[in-house]
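Notes for the one structure printed next.
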Number of protein chains: 2
Amino acid sequence: MAADAHRAFKDRLYGLFARIGQTLASPRRLEILELLAQRERTVESLAGELGLSLANTSQHLQALRQAALVETRKEGLYVYYRLADPAVSDLCRSIRTVAEHRLAELERLVREHFGDRSAAEPIGMDELLKLARTKDVTILDTRPPQEYAAGHIAGAISVPVDELQRRLRELPRDREYVAYCRGPYCVYADRAVEILQAKGRRARRLLEGFPEWRAAGFPVYIGAEQGVLR
Amino acid sequence: MAADAHRAFKDRLYGLFARIGQTLASPRRLEILELLAQRERTVESLAGELGLSLANTSQHLQALRQAALVETRKEGLYVYYRLADPAVSDLCRSIRTVAEHRLAELERLVREHFGDRSAAEPIGMDELLKLARTKDVTILDTRPPQEYAAGHIAGAISVPVDELQRRLRELPRDREYVAYCRGPYCVYADRAVEILQAKGRRARRLLEGFPEWRAAGFPVYIGAEQGVLR
DNA sequence: GAATTAATCAAGTAATCTATTGATTACTGT
DNA sequence: ACAGTAATCAATAGATTACTTGATTAATTC
């Protein structure tokens with residue numbers, strides 16, 4: 001009977017979908033994907049930032065590659081991993097959305113760690129876009145410089161949070177600032193706002209990060225060269 | 001140092017996200033979610049359709065409930081499971097999208113099973129909406145009656161594929177038909193189109209299914225009562 | 001209240017997954 | 001060719017997961 005063939009088809013079909021799901025079943029791999037959403041990176045560099053062993057990181061990356069979620073290029077000794085498709089980034093965001101909607105524990109955890117975020121007066125992406133068009137506002141990219149170089153919000157300047165303290169003189173008191181970073185659960189922008197406010201600047205944080213901004217189709221600069229608006 | 005606390009936070013944060021991912025790592029559970037996207041169902045009914053044991057189905061459903069992806073209500077002896085949030089449906093679709101973009105194997109599998117689908121002249125959702133507004137077209141819901149009852153494309157009539165053969169007289173020859181079903185990988189609509197064309201009707205299939213139509217915000221009837229447009 | 005039925009629980013086994021360790025490969029620069 | 005480094009491979013132990021079987025719980029019907 002054809003029902004058997006149909007069962008077999010469904011098994012294989014959902015088997016393929018589950019392969020994607022399996023790849024998203026590890027906290028480490030999800031964290032790797034989030035980092036790769038900022039820029040391509042080497043195995044070593046990821047292992048360093050995540051505090052994982054090189055071999056372990058390599059294995060996770062291979063799992064991601066087998067599921068075709070990431071691609072690689074080799075340059076000299078280094079293998080650079082990157083997201084294979086913007087849809088992968090969307091998928092990660094989709095998981096986050098479900099977690100936010102459904103897991104009360106997430107909200108508790110975030111409140112516990114970030115405390116009351118209202119001091120940073122978080123603003124949304126639409127709001128920032130409007131603000132940037134109508135008023136003078138300085139947008140600060142608080143991520144590491146390589147991530148800024150790989151792509152950033154149009155008009156933003158790179159002020160990695162580590163350098164903010166000693167580069168304060170570049171940021172006049174009479175301006176308004178909005179800081180952003182990797183995403184809603186990244187602390188860079190919060191720290192930056194804290195420092196800026198302590199030093200008498202009017203500063204807020206963008207609720208979302210660069211990947212969300214790009215996914216929304218808002219204006220970005222891509223690539224190392226500045227001035228190339230896409 | 002605060003870095004430890006921050007590592008712990010990240011571990012817990014991505015642990016939560018991974019809990020969603022883990023739940024999506026099983027082909028069975030993905031299939032269950034797809035069925036629940038059509039309507040709420042009992043454990044027994046799902047077990048029957050999926051060909052799983054009752055206990056096994058119950059365990060999968062509990063995994064889904066623990067991850068807060070589904071909710072339940074009890075009615076008499078039966079426990080009805082339903083999707084907890086439209087975002088869950090979006091998430092499943094997101095997985096499918098990535099699989100379609102990235103897994104060449106998927107395309108091969110689908111072609112192998114469906115053969116050349118062009119005979120069914122699949123049309124997209126926008127196209128159908130336009131068609132329904134400008135021309136006379138009969139939209140056929142080929143899913144089981146309960147799924148139609150739980151929600152269907154506005155204006156569609158229920159003709160479960162099993163009943164199509166003997167209800168042909170209700171479908172005049174001089175009309176144009178578009179059949180839809182559960183989703184792009186469901187065969188109901190394909191079978192319906194085959195039968196209709198064999199019997200001299202002009203028929204095509206909607207590429208997507210009801211969940212996609214609803215998610216797109218297109219007009220639907222929800223609930224058992226017909227005539228309630230939302 | 002006894003029988004029936006839907007669903008869950010509990011325990012066990014086989015299979016799979018994660019991270020570690022040490023060895024190996026691939027490429028660079030001398 | 002050789003040393004040095006990035007990455008991968010291979011083997012392993014420990015934890016987790018999927019499914020089965022048989023017992024138990026909860027609601028209904030007689």
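Both backbone and side-chain heavy atoms feed into the values below; hydrogens, waters and symmetry mates do not. Here is the naming used below: chain letters follow the sequence lines, and residue numbers restart at 1 for every chain. The structure displayed is predicted, hence computed values, not measured ones.
Checked for salt-bridge contact, A:Glu105 and A:Arg108 miss the test: no charged N lies under 4.0 Å from a carboxylate O. Ion pairing between a basic and an acidic side chain is recognised when a charged N comes within 4.0 Å of a carboxylate O; B:Arg73 and B:Glu75 show such pairing. Between B:Glu34 and A:Lys10 there is no salt bridge, since no side-chain N of the basic residue sits under 4.0 Å from a carboxylate O of the acidic one.
Considering only residues two or more places apart in sequence or on other chains, A:Leu54 meets the side-chain contact (heavy atoms from CB on, under 4.5 Å) condition with A:Val43, A:Glu44, A:Ala47.
One atom, CG of B:Leu61, and another, C1' of C:dT8, lie 11 Å apart when rounded to the nearest Å. If you measure from atom CG of B:Leu50 to atom C1' of D:dC19, you get 14 Å, rounded to the nearest angstrom. Per the geometry, CD belonging to B:Gln62 stands 5 Å off P belonging to C:dT8, to the nearest Å. In this entry the distance linking OH of B:Tyr78 with P of C:dA7 reads 7 Å, nearest Å. Taking atom CG on B:Asn56 and atom P on C:dA7, their separation rounds to 15 Å, with Å as the unit. The interatomic distance linking A:Leu64 (CG) with D:dT8 (C1') rounds to 15 Å, in whole Å. Rounded to whole angstrom, the span from the CG atom of B:Asp11 across to the C1' atom of C:dA19 amounts to 14 Å. In this entry the distance linking CG of A:Leu52 with P of D:dA7 reads 14 Å, nearest Å.
In this model, the phosphate group of C:dA19 is approached by a side-chain N or O of A:His60 to a distance below 4.0 Å at OP1 or OP2. One finds no side-chain N or O of A:Gln22 lying less than 4.0 angstrom from the OP1 or OP2 phosphate oxygen of D:dT17. For D:dA7, the OP1/OP2 oxygens have no side-chain nitrogen or oxygen of A:Tyr80 closer than 4.0 Å. Between B:Ser53 and D:dT20 there is a side-chain N or O to OP1 or OP2 distance below 4.0 Å. Of the side-chain N and O atoms in B:Ser58, none sit less than 4.0 angstrom from OP1 or OP2 of C:dA7.
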Next on the checklist: Each nucleotide in nucleotides 25-30 of chain D should get exactly one letter: B, S or -. Can you fill that in based on protein heavy atoms under 4.0 Å?
Outcome noted: -BBS--
Checklist outcome for this item: Going 5' to 3' through nucleotides 10-15 of chain C and flagging B where a protein heavy-atom sits under 4.0 Å of the base, S where only the sugar-phosphate is that close, and - otherwise, we get BB----
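Note that CZ of A:Arg41 and OH of A:Tyr78 are 13.0 Å apart. Values are rounded to the nearest 0.5 Å. One finds the CG atom of A:Leu24 at 9.5 Å from the OG atom of B:Ser94 (value rounded to the nearest 0.5 Å). Rounding to the nearest 0.5 angstrom, the gap separating the CG atom in A:Asp90 from the CG atom in B:Asp90 is 11.5 Å.
Counted by atom type alone, B:His60 and B:Arg28 present zero donor-acceptor pairs between their side chains at under 3.5 Å.
Residues from residues 25-49 of chain A placing a heavy atom under 4.0 Å of any atom in DNA chain C, listed by number, are A:Ser26, A:Arg28, A:Arg29.
The aromatic rings of A:Phe9 and B:His113 sit parallel to each other, their planes meeting at less than 30°, with 60° as the upper class boundary. Using a 30° and 60° split on the angle between ring planes, B:Phe17 and B:Tyr14 fall in the perpendicular class, above 60°.
Among residues at least two apart or in separate chains, there is no salt bridge (charged side-chain N to carboxylate O under 4.0 Å, His left out) pair with a member in residues 50-69 of chain A.
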In residues 179-186 of chain A, what donor-acceptor pairs under 3.5 Å come from side-chain atoms, sequence neighbours left out?
| unit_1 | atom_1 | unit_2 | atom_2 | d |
| --- | --- | --- | --- | --- |
| A:Tyr180 | OH | A:Asp141 | OD2 | 2.5 |
| A:Tyr180 | OH | A:Ile153 | N | 3.1 |
| A:Arg182 | NE | A:Glu147 | OE1 | 3.0 |
| A:Arg182 | NE | A:Glu147 | OE2 | 3.3 |
| A:Arg182 | NH1 | A:Glu49 | OE2 | 2.7 |
| A:Arg182 | NH2 | A:Glu49 | OE2 | 3.1 |
| A:Arg182 | NH2 | A:Glu147 | OE2 | 2.6 |
| A:Tyr185 | OH | A:Glu100 | OE2 | 2.6 |

